[in-house]
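Structure first, then comments.
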Amino acid sequence: MSNHSQFQVHAVSPSYWKVTFENGPINLIDLDTVEQLGDLVTRMEQDPDLTVVVFQSANPDFFMAHFDLRSDMQRFYTTAPGPTGLLPYPDSLLRLSKVPAVTISAIKGRARGAGSEFVLNTDIRFAGSNAILGQPEVGFGAVPGGNPMGRLAELVGRGRAMEIVVGGDDFPAQLAAEYGYVNRVLPEGELDDFVDTFARRIAGFDKAAVSGTKEFVDAATAIPAGDFAAALAAIRRTGGRPENADHVRSLFERGLQQPQGIELDLGKHVAEKV
């Protein structure tokens with residue numbers, strides 16, 4: 001594991017943390033991200049005072065680009081399970097969704113694939129006007145592995161969930177808000193102050209009241225752990241198959257996982273076979 005801490009925690013107060021994600025030029029999610037997220041969630045679960053956590057990005061163009069497609073997938077699928085009994089990636093997402101603090105994503109730039117799955121497992125999503133979200137996995141020949149299908153079906157309804165996950169296209173912030181993918185859109189220069197003000201409001205409330213209220217929302221919108229396991233099994237079956245290798249190779253040749261080129265407009269390019 002890398003010694004670099006990708007999640008920088010700033011305790012604004014005992015009840016309010018800001019967590020800034022930074023990992024390379026486009027904020028890819030890799031195996032170290034998954035491991036460090038699990039550790040961070042444990043800290044969040046165990047802190048007796050923590051009431052609200054804001055997640056933000058050090059990169060204004062990429063909140064979390066997507067999963068690093070050059071990761072060691074053998075390690076990904078064979079690392080020891082987490083506390084839920086799931087493998088570390090779905091374990092971290094499921095536990096993140098259930099922490100006894102309110103979690104808020106302040107999204108600037110792109111959050112696709114695993115980045116979209118991350119924000120879907122936070123409680124509240126506020127987006128800057130230049131934010132872009134999407135689930136492009138079908139464009140790589142894979143089923144999304146973090147079960148965005150379940151989260152999106154609950155948030156936006158079945159038809160729009162299908163449009164997002166099967167269409168594999170980019171959703172600009174305003175359209176994402178209209179669908180319910182994010183809560184609301186703020187002008188880029190106003191997002192940080194708005195989120196901070198909202199977080200401070202929650203941080204000032206009694207934690208027992210906040211966490212107790214969240215438990216009821218969690219119960220009403222629960223996704224079974226088995227659904228997370230099934231989605232991960234689906235991406236294991238479908239991702240990296242030889243019939244899609246030429247297309248994925250062409251995407252890398254056109255700048256996949258680089259800060260310029262197709263990453264800026266990935267929803268368009270995953271559908272282009274060249």
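Of all non-hydrogen atoms in Pro148 and Glu117, the two that sit nearest each other are CD-OE2, 3.3 Å. The shortest non-hydrogen separation linking Ala177 to Arg184 is CB-CA, 4.3 Å. Among all heavy-atom pairs drawn from Asp47 and Asp49, the shortest one is OD1-N, 2.9 Å. Across all non-hydrogen atoms, the minimal contact from Gly128 to Leu191 is N-CD2, 3.6 Å. Across every non-hydrogen atom of Ala173 and Val185, the tightest pair is O-CG2, 3.3 Å. Annotation for Val195 and Ile104: closest pair CG1-CG2, 4.1 Å, computed over non-hydrogen atoms.
Interatomic distance, Gln135 CD to Asp169 CG, rounded to the nearest 0.5 Å: 12.5 Å.
Aromatic ring centres of Phe76 and Phe67 lie closer together than 6.0 Å. For Phe194 and Phe126, the gap between ring centers is short of 6.0 Å.
Checking Gln6 against Asp32 by side-chain atom types alone, no donor-acceptor pair falls below 3.5 Å. Judged purely by distance below 3.5 Å, without hydrogens or angles, the side chains of Thr79 and Tyr89 never pair a donor atom with an acceptor atom.
With contacts defined as side-chain heavy-atom distances shorter than 4.5 Å, the pair Asn23/Asp30 qualifies.
Comment: Lys214 engages Asp123 in a salt bridge, judged by a side-chain N to carboxylate O separation of less than 4.0 angstrom. The residues Asp246 and Lys273 are annotated as not salt-bridged, no charged nitrogen and carboxylate oxygen being separated by less than 4.0 angstrom. Note on Lys98 versus Glu215: no salt bridge recorded, every NZ/NE/NH1/NH2 to OD/OE distance being 4.0 Å or above. Under the 4.0 Å criterion applied to side-chain N and carboxylate O atoms, Arg43 and Asp39 are not assigned as salt-bridge partners. Arg254 and Glu263 are not joined by a salt bridge, as no carboxylate oxygen comes within less than 4.0 angstrom of a charged side-chain nitrogen. Looking at Asp170 and Arg110, no side-chain N of the basic residue comes within less than 4.0 Å of a carboxylate O on the acidic one, giving no salt bridge.
Note: Phe63 and Phe118 have tilted aromatic rings, judged against thresholds of 30 and 60 degrees for the angle between ring planes. Between Phe140 and His66, the ring-plane angle classifies as tilted under the 30° and 60° cut-offs.
Partners of Asp61 under the side-chain hydrogen bond (donor to acceptor under 3.5 Å, both in side chains) rule, at least two apart in sequence or in another chain, do not exist in this structure. Here Asn130 pairs with Glu188 under the side-chain contact (heavy atoms from CB on, under 4.5 Å) rule; sequence neighbours left out. Here Val217 pairs with Thr221 under the side-chain contact (heavy atoms from CB on, under 4.5 Å) rule; sequence neighbours left out.
Remark: side-chain polar atoms of His269 are not paired, donor with acceptor, to backbone N or O of Leu256 under 3.5 angstrom. Side-chain N or O atoms of Asn121 include none that pairs as donor or acceptor with a backbone N or O of Ser97 at under 3.5 Å. A donor-acceptor pair under 3.5 Å is formed between the side chain of Ser57 and the backbone N or O of Asn59. In this structure a side-chain-to-backbone donor-acceptor pair under 3.5 Å is missing from His247 to Gly141.
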Q. ring-ring contact (aromatic ring centres under 6.0 Å, His included) between Phe21 and Phe55: does it pass, once the steps are laid out?
A. CA-CA 7 Å; Phe21 180 66; Phe55 288 98; 9.4 Å; no

Q. Hey, mind stepping through Ser5 and Gln36 against side chain to side chain contact (heavy atoms under 4.5 Å, CB included) and telling me if it holds?
A. CA-CA 7 Å; Ser5 177; Gln36 292 180 23; 4.2 Å; yes

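With Tyr77 as the aromatic partner, Arg236 meets the cation-pi criteria of under 6.0 angstrom to the ring centre and within 45 degrees of the ring axis. The side-chain tip of Arg70 points at the ring of Phe252 from less than 6.0 angstrom away and within 45° of straight on.
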